[in-house]
S.K.: 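Sending over a structure as C-alpha cells; questions will come in a sec.
Throughout, a chain's letter reflects where its sequence line sits, starting with A, and its residues are numbered from 1.
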2 protein chains.
Amino acid sequence: MFKLLNSDKLVTQTEISKESGLSQQTVSRKLKELEEEGIIQRIIIKDGEYIKLTDKGEEELKRCIEDILQLIMRTKILHIKGKVTAGLGEGRIFLSIPYYIESFKKYLGFEPYAGTLNIVIYDRISLENRLILDLAKGIIIPEHKEPNRVLGSVKAFPSSINSISPAAIVIPARTTHPKSVVEIISPYYLREKLSLKDGDEVEIEVYL
Amino acid sequence: MFKLLNSDKLVTQTEISKESGLSQQTVSRKLKELEEEGIIQRIIIKDGEYIKLTDKGEEELKRCIEDILQLIMRTKILHIKGKVTAGLGEGRIFLSIPYYIESFKKYLGFEPYAGTLNIVIYDRISLENRLILDLAKGIIIPEHKEPNRVLGSVKAFPSSINSISPAAIVIPARTTHPKSVVEIISPYYLREKLSLKDGDEVEIEVYL
DNA sequence: ATTACTATATTCCGAGTAG
DNA sequence: TCTACTCGGAATATAGTAA
C-alpha cells in the first residue's frame, strides 16, 4: 500500500489492494479517510487516481520515523561512507563567522579547523542514513540575528571519520546541497591528518 | 507505548496504557502478540515486566523506516533498466576533455574511466524514470567558456549499476541523444568489471 | 474499466474479574 | 498491586453492487 502511495503515476485501488493484501473496498475507505484527515491528496479520474502526500502527511510520517528511531537507536551509531570531494562547501563560510566558531566550540567541545571536508555519498545504505540525519534530533546551533543579517541554525552530529575524532557532520538548516553530500568539521585539517585526496573513500561513524 | 518498549527499566502495563491511551487489557494482549511474533522479549515479574526488542523486531522497524523514507524522500531512488549498447556516445568526448574530468572528480568524487557505458531503455517504466531525470535537479557541472569554444553544462546523477558504485548517469545539457539512451560514467571499466557485452541487461539505481 | 455505498462478517477493544 | 482471561459492544474489513 505504502509504496504506491506517493506515486505521480496513475494507480488503481485494485493495484494497491493486491500489494497490501487488503480488499479494494477497504483501500477505498482508507484512502478516503486519509484524504479527509489531510494526509494525502487525490485526483480521481476514470482509470484510477493520482495520490500525493500532503505536507501534513509528510510531517506525520517523519514523526513516525523519529519514534522508531528513539526505539532502535540504543545502538545510536550510524555509518556513512563516501568519497572525498572538493568544493560544494557551504560549510567553510560558517567557519569564517565568529558566531559559528564560538557555537561549535560551545556545543561540540572543539574549535573547528577553518575548512570543511566534503563527502559525496554514492551507495543506498549511506544515503538512507544521511536522510535519517535530517529527521534525527542532533545538536542544534540556534539561529542568531545580527543587525544586518540572520545566521541560520545548523544541526550537528558528533562523528568520527576513519576512526579520528572529534569531528561532526554539520547540516545547515537552509542548505542548497543535494542530500548526497555531507560536510565534516573537526579541530584537525583532515585532508592532511588522514592523507586524503579527492576520490578517497572515508567511513564516518555518526553518534545520534 | 513505543517509548517504554525498549526500556531496560521495569515497566507496568498500566504505565504503557496511560502513555498510549489504550486500556491495560489491550496493552496486555498486544504485548503478548508481539512476544509470540518474536518482535519483543519479556521478563514478567510480580511488579511489572522488562521489555526488550529482539533483533527481528529491530529489523522490522528498520524496514518500516526504509519504507517511510521511500515515501517522503525528496531524494528518491529511481530504477532504470536497459540493455548495453555500443556507440551513440557523446559522453566519451567529455571524457577526453580535462575540464570535465576535473569536474567529475570534484562534483562526483571519482575520476571517471575514459569511456561511457551506453544503455538503451526499452520498457515504459524505465523510460518514464528517464524522463523524470530531465526534470530533476541533479548535480550540475557548470558551463565552461574557453577562448575558442564553450563547454556545455552537464547534469549528473549519482547511481549504482548492477549494485556497483560509484557511478553516475550523465546528461549533457545539449544532447542529440534520444531520451531512450542513458550514459554511465564510473571509475571502473564497467564492461570488464561487470562482464558485460552488447545486449546484456543492466539495472541502474539513480539517487535524486 | 473505475470508485464507493450498503449490509454482513470479522476483528478488536475494554470492563469486569481471576489468578 | 501485578498480568491476562472472558465476553459483549464497538470498530473494522469484506462481499455484493451501484454509479
S.K.: Distance check needed: C:dT11 C1' versus A:L22 CG, whole Å only.
M.R.: 13 Å
S.K.: Out of curiosity, B:C64 SG to A:L61 CG, how far, rounded to the nearest 0.5 Å?
M.R.: 11.0 Å
S.K.: Listing time: all N or O pairs from protein to nucleotides 15-19 of chain C that are below 3.5 Å?
M.R.:
| residue | atom | partner | partner atom | Å |
| --- | --- | --- | --- | --- |
| C:dA15 | N7 | B:Q25 | NE2 | 2.7 |
| C:dG16 | N7 | B:Q25 | NE2 | 3.3 |
| C:dG16 | O6 | B:Q25 | NE2 | 3.0 |

S.K.: In whole Å, what is the span from the NZ atom of A:K18 to the P atom of D:dT14?
M.R.: 15 Å
S.K.: Answer yes or no: does a side-chain N or O of B:T26 lie under 4.0 Å from OP1 or OP2 of C:dC13?
M.R.: no
S.K.: With a 4.0 Å cut-off, would you call A:K105 and A:E102 a salt bridge?
M.R.: yes
S.K.: Between A:R29 and C:dA4, is there a contact of a side-chain N or O with OP1 or OP2 at under 4.0 Å?
M.R.: no
S.K.: Under 4.0 Å between a side-chain nitrogen and a carboxylate oxygen: does that hold for A:R149 and A:E146?
M.R.: yes
S.K.: How long is the line joining CD of B:E49 and P of D:dT3, in whole Å?
M.R.: 5 Å
S.K.: Considering only side-chain heavy atoms of B:T12, which listed nucleotide, D:dC2, D:dT14, C:dA4, is closest?
M.R.: D:dC2
S.K.: How many Å lie between CD1 on A:I43 and P on C:dT3, as a whole number?
M.R.: 14 Å
S.K.: Provide, to the nearest angstrom, the distance between the CG atom belonging to A:L34 and the P atom belonging to D:dT12.
M.R.: 13 Å
S.K.: Identify every side-chain donor-acceptor pair in residues 196-204 of chain B under 3.5 Å, counting partners at least two apart or on other chains, and give the distances.
M.R.:
| residue | atom | partner | partner atom | Å |
| --- | --- | --- | --- | --- |
| B:D198 | OD1 | B:R191 | NH1 | 3.0 |
| B:D198 | OD1 | B:R191 | NH2 | 2.9 |
| B:D200 | OD2 | B:K197 | N | 2.8 |
| B:E201 | OE1 | B:Y122 | OH | 2.1 |
| B:E203 | OE2 | B:H79 | ND1 | 2.9 |

S.K.: Taking OP1 and OP2 of D:dT12, is either one under 4.0 Å from a side-chain nitrogen or oxygen of A:K30?
M.R.: no
S.K.: Using whole Å, what does the distance between atom P of nucleotide C:dC5 and atom CD of A:E33 come to?
M.R.: 11 Å
S.K.: Between B:T14 and B:K32, who's closer to the 5' end of DNA chain D by nearest nucleotide?
M.R.: B:T14
S.K.: Can a salt bridge be assigned to the pair A:E15 and A:K18 using a cut-off of 4.0 Å between side-chain N and carboxylate O?
M.R.: no
S.K.: Do NZ/NE/NH1/NH2 and the carboxylate oxygens of A:E60 and A:K56 come within less than 4.0 Å?
M.R.: no
S.K.: How about A:Y188 and A:Y113: are their ring centroids closer than 6.0 Å?
M.R.: no
S.K.: How close or far is atom P of D:dT1 from atom CD of B:Q13, stated in whole angstroms?
M.R.: 15 Å
S.K.: Rounded to whole angstrom units, what separation is found between the CG atom of B:D47 and the C1' atom of D:dT3?
M.R.: 12 Å
